[in-house]
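In what follows, every chain begins at residue 1, and chains take the letters A, B, ... in the order their sequences are listed. No experiment lies behind these values; they were computed from the predicted model shown.
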Amino acid sequence: KPTSMNAFELISRSQSFNLENLFEK
Amino acid sequence: MGCYCSKPEKTPGYEDPVVLAAETPFTVSEVEALYELFKKLSSSIYDDGLIHKEEFQLALFRNQNKKNLFADRIFDLFDVKRNGVIDFGEFVRSLGFFHPNAPVEDKIAFAFRLYDLRQTGFIEREELKEMVLALLHESDLLLSDDVVEAIVDKTFSDADKKGDGRIDQQEWKEYVLKHPTLIKNMTLPYLKDITLAFPSFVMSSEVED
């Protein structure tokens with residue numbers, strides 16, 4: 001149920017946090 | 001009379017790996033490995049030894065023009081001197097927060113600064129809603145405004161224990177300790193041993209541990 005989502009949990013899934021992309025050769 | 005000691009030319013903002021290793025969870029070899037990575041990132045568009053926002057976006061998204069609220073916030077926090085670029089010292093110290101061995105308190109504090117969009121010292125309800133909308137937009141997810149409001153209300157009331165309409169650092173810390181998965185994004189397992197993950201970097205590493 002969408003309304004039971006945790007807002008912080010949701011935003012922590014932003015692709016901006018995939019910092020391992022910085023390490024791709 | 002001064003003494004000029006000839007050293008290999010380093011980029012502006014370069015700092016001694018021994019100093020950086022002492023201040024961060026990285027070893028000296030890992031800092032040297034990060035320097036190899038830094039050189040690559042900082043010369044992808046402008047060859048000036050500094051990471052510009054477009055270079056950061058290019059590495060993160062393979063697109064230098066992709067606008068993203070969270071990428072902007074991460075860049076701004078990495079840019080400690082607030083001069084619009086990330087130098088090597090800033091890069092290593094900031095990545096240190098994402099190291100698996102970095103203290104949890106530091107990760108919690110870093111996440112707080114990240115989400116305190118307007119740097120008021122509090123995470124405000126409007127900021128939380130703005131971040132939820134940004135995430136939905138980047139994920140191409142559509143939720144009605146009522147549902148977004150309900151998600152934000154529920155989370156906010158759980159975290160804002162004092163009920164004063166804003167989340168302070170203490171409330172944030174207590175909330176995260178109760179919900180540790182919220183800072184999973186603050187840990188990059190790759191950093192645990194970057195010299196093993198990127199053995200090619202070790203080849204040009206100057207310092208042996």
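Both the backbone and the side chain of A:N6 come within less than 4.5 Å of a heavy atom in chain B. Neither the backbone nor the side chain of B:L69 comes within contact range of chain A; no heavy atom of the residue lies under 4.5 Å from a heavy atom of that chain. Of the two parts of B:L114, only the side chain, counted from C-beta on, holds a non-hydrogen atom closer than 4.5 Å to a non-hydrogen atom of chain A. Only the side chain of B:I123 comes within contact range of chain A, judged by heavy atoms closer than 4.5 Å.
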Please assess A:S12 against B:K184 for the test side-chain contact (heavy atoms from CB on, under 4.5 Å), listing each intermediate value before the final yes or no.
CA-CA 8 Å; A:S12 74; B:K184 261 180 77 178; over 6 Å; no
Let's go through A:R13 and B:E138 carefully: what are the C-alpha distance in whole Å and the side-chain angles of both, what is the deciding distance for side-chain contact (heavy atoms from CB on, under 4.5 Å) to 0.1 Å, and is it a yes or a no?
CA-CA 10 Å; A:R13 294 182 202 165; B:E138 95 172 42; over 6 Å; no
Could you walk me through whether B:Y190 and A:L19 pass the side-chain contact (heavy atoms from CB on, under 4.5 Å) test, one step at a time?
CA-CA 10 Å; B:Y190 279 130; A:L19 291 182; over 6 Å; no
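Environment of CG in B:L142: sparse, with no more than 12 heavy atoms of neighbouring residues, nucleotides or ligands closer than 6.0 Å.
In plain terms, the two heavy atoms of B:N68 and A:S14 that are nearest each other are OD1-OG, 4.0 Å. A pairwise comparison of heavy atoms in A:E9 and B:L182 identifies N-CD2, 3.4 Å as the closest pair. When every heavy atom of B:L41 is checked against every heavy atom of A:L22, the shortest pair comes out as CD2-O, 3.8 Å.
Heavy-atom pairs under 4.5 Å with chain A were tallied for B:K129, B:H179, B:M186, B:K66; the largest tally goes to B:K66. Listed options B:V147, B:L188, B:V132 were ranked by heavy-atom pairs under 4.5 angstrom with chain A; first place goes to B:L188.
In this structure, CG on A:N21 lies 5.5 Å from CZ on B:R62, to the nearest 0.5 angstrom. Here the CG atom belonging to A:L10 is positioned 8.5 Å from the OG1 atom belonging to B:T155, to the nearest 0.5 angstrom.
Contacts with chain A (heavy atom to heavy atom, under 4.5 Å) involve these residues of residues 51-61 of chain B, listed by number: B:F56, B:A59, B:L60, B:F61.
Shown here are the side chain to side chain donor-acceptor pair (under 3.5 Å) partners of B:S94, two or more places apart in sequence or in another chain: there are none.
Listed for the A:S16 side chain is no donor-acceptor partner under 3.5 Å among the backbone atoms of B:F70.
In this structure the side chain of A:F8 reaches within 4.5 angstrom of the side chain of B:I167, judged on heavy atoms. Side chains of B:N185 and A:I11 form no contact here, defined as non-hydrogen atoms less than 4.5 Å apart.
Using cut-offs of 30° and 60° on the angle between ring planes, the pair A:F17 and B:Y115 is perpendicular.
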